[in-house]
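Chain identifiers are assigned alphabetically (A, B, ...) following the order of the sequence lines, protein sequences preceding nucleic acid strands; residue numbering begins at 1 within each chain.
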Amino acid sequence: QKEVEQDPGPLSVPEGAIVSLNCTYSNSAFQYFMWYRQYSRKGPELLMYTYSSGNKEDGRFTAQVDKSSKYISLFIRDSQPSDSATYLCAMSVRSNDYKLSFGAGTTVTVRA
Amino acid sequence: DAGVIQSPRHEVTEMGQEVTLRCKPISGHDYLFWYRQTMMRGLELLIYFNNNVPIDDSGMPEDRFSAKMPNASFSTLKIQPSEPRDSAVYFCASSLRPLGVAKNIQYFGAGTRLSVL
């Protein structure tokens, strides 16, 4: 069993829809949770960074962490075609852990 | 800053040939990472350096893979001899040691797409 599980999709939604992405993990020691966005033929870039449980909002993006369920989510409101990308979750135990555990990534297409 | 720069962007080679991938990290960053990404295995960390010293190479798949960082602004990942199963996108990333509660953010290059025929 992988340490971080993420449904690879693909996920196709119409413009304006809410996109819901999630990851589950097995290591209860994870405390730092990240979402990276990767456009086609590009490297991943950090989108959201959260610590421990709770919600974090940044514009149209909301990251949620439920440590009791070992489950994290990313929501994209009012999705745009420019949101079409692969979204990878990543996590670590400590803030200075350089060896991140990544999910497989979910490919999202937002149709105009 | 131009970000993390990788070269070449694409490499096509024949089985058995030596392949060298290059990376220039963001100036001032003291951590450098090499990753491999495939559809089957996702993003895998191969090796990372701190201040030019290899810290963890447990992800390097075989002795055919080697990585060096001769100075703070340059690193190479070499595969010798290459095999078709090495075909993947190889990413280099760099990071600055966070101070206090600052985030540990890795900045990725655009990757090198390697095809071994």
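- In this pair, B/Phe33 and B/Tyr31 present their aromatic rings parallel. The plane angle is below 30°, not in the 30 to 60° band.
- A salt bridge links A/Glu57 to A/Arg77: at least one charged side-chain nitrogen sits closer than 4.0 Å to a carboxylate oxygen.
- With a threshold of 4.5 angstrom between heavy atoms, A/Gln38 approaches chain B through side-chain atoms but not through N, CA, C or O.
- Using a 30° and 60° split on the angle between ring planes, A/Tyr25 and A/Phe30 fall in the perpendicular class, above 60°.
- Inspection of the A/Thr109 and A/Ser84 side chains reveals no N or O donor paired with an N or O acceptor under 3.5 Å.
- Heavy atoms closer than 4.5 Å to chain A are found in the side chain of B/Ser58, but not in its backbone.
- Only the side chain of B/Tyr48 comes within less than 4.5 Å of a heavy atom of chain A; its backbone N, CA, C and O stay farther away.
- Judged by distance alone, the side chains of B/Gln106 and B/Tyr35 do bring a donor and an acceptor atom under 3.5 Å apart.
- A donor-acceptor contact closer than 3.5 angstrom links the side chains of A/Gln6 and A/Thr106.
- Of the listed residues (B/Ala93, B/Ala110, B/Gly42, B/Gly111), the one with the most heavy-atom contacts under 4.5 Å to chain A is B/Ala110.
- Both the backbone and the side chain of A/Arg41 come within contact range of chain B, each with at least one heavy atom under 4.5 Å from a heavy atom of that chain.
- For a residue to count as touching a neighbouring chain, one of its non-hydrogen atoms must lie under 4.5 Å from one of that chain's; by this rule A/Tyr36 touches chain B with the side chain only.
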Assess whether side-chain contact (heavy atoms from CB on, under 4.5 Å) is satisfied between B/Tyr90 and B/Ile79, documenting all intermediate values.
CA-CA 12 Å; B/Tyr90 290 81; B/Ile79 308 172; 3.8 Å; yes
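- Of the atoms belonging to B/Leu43, heavy atoms from both backbone and side chain fall under 4.5 Å from chain A.
- Contacts between B/Arg113 and chain A at a heavy-atom distance below 4.5 Å involve the side chain alone, from C-beta outward.
- Heavy-atom distances place both the backbone and the side chain of A/Lys99 under 4.5 Å from chain B.
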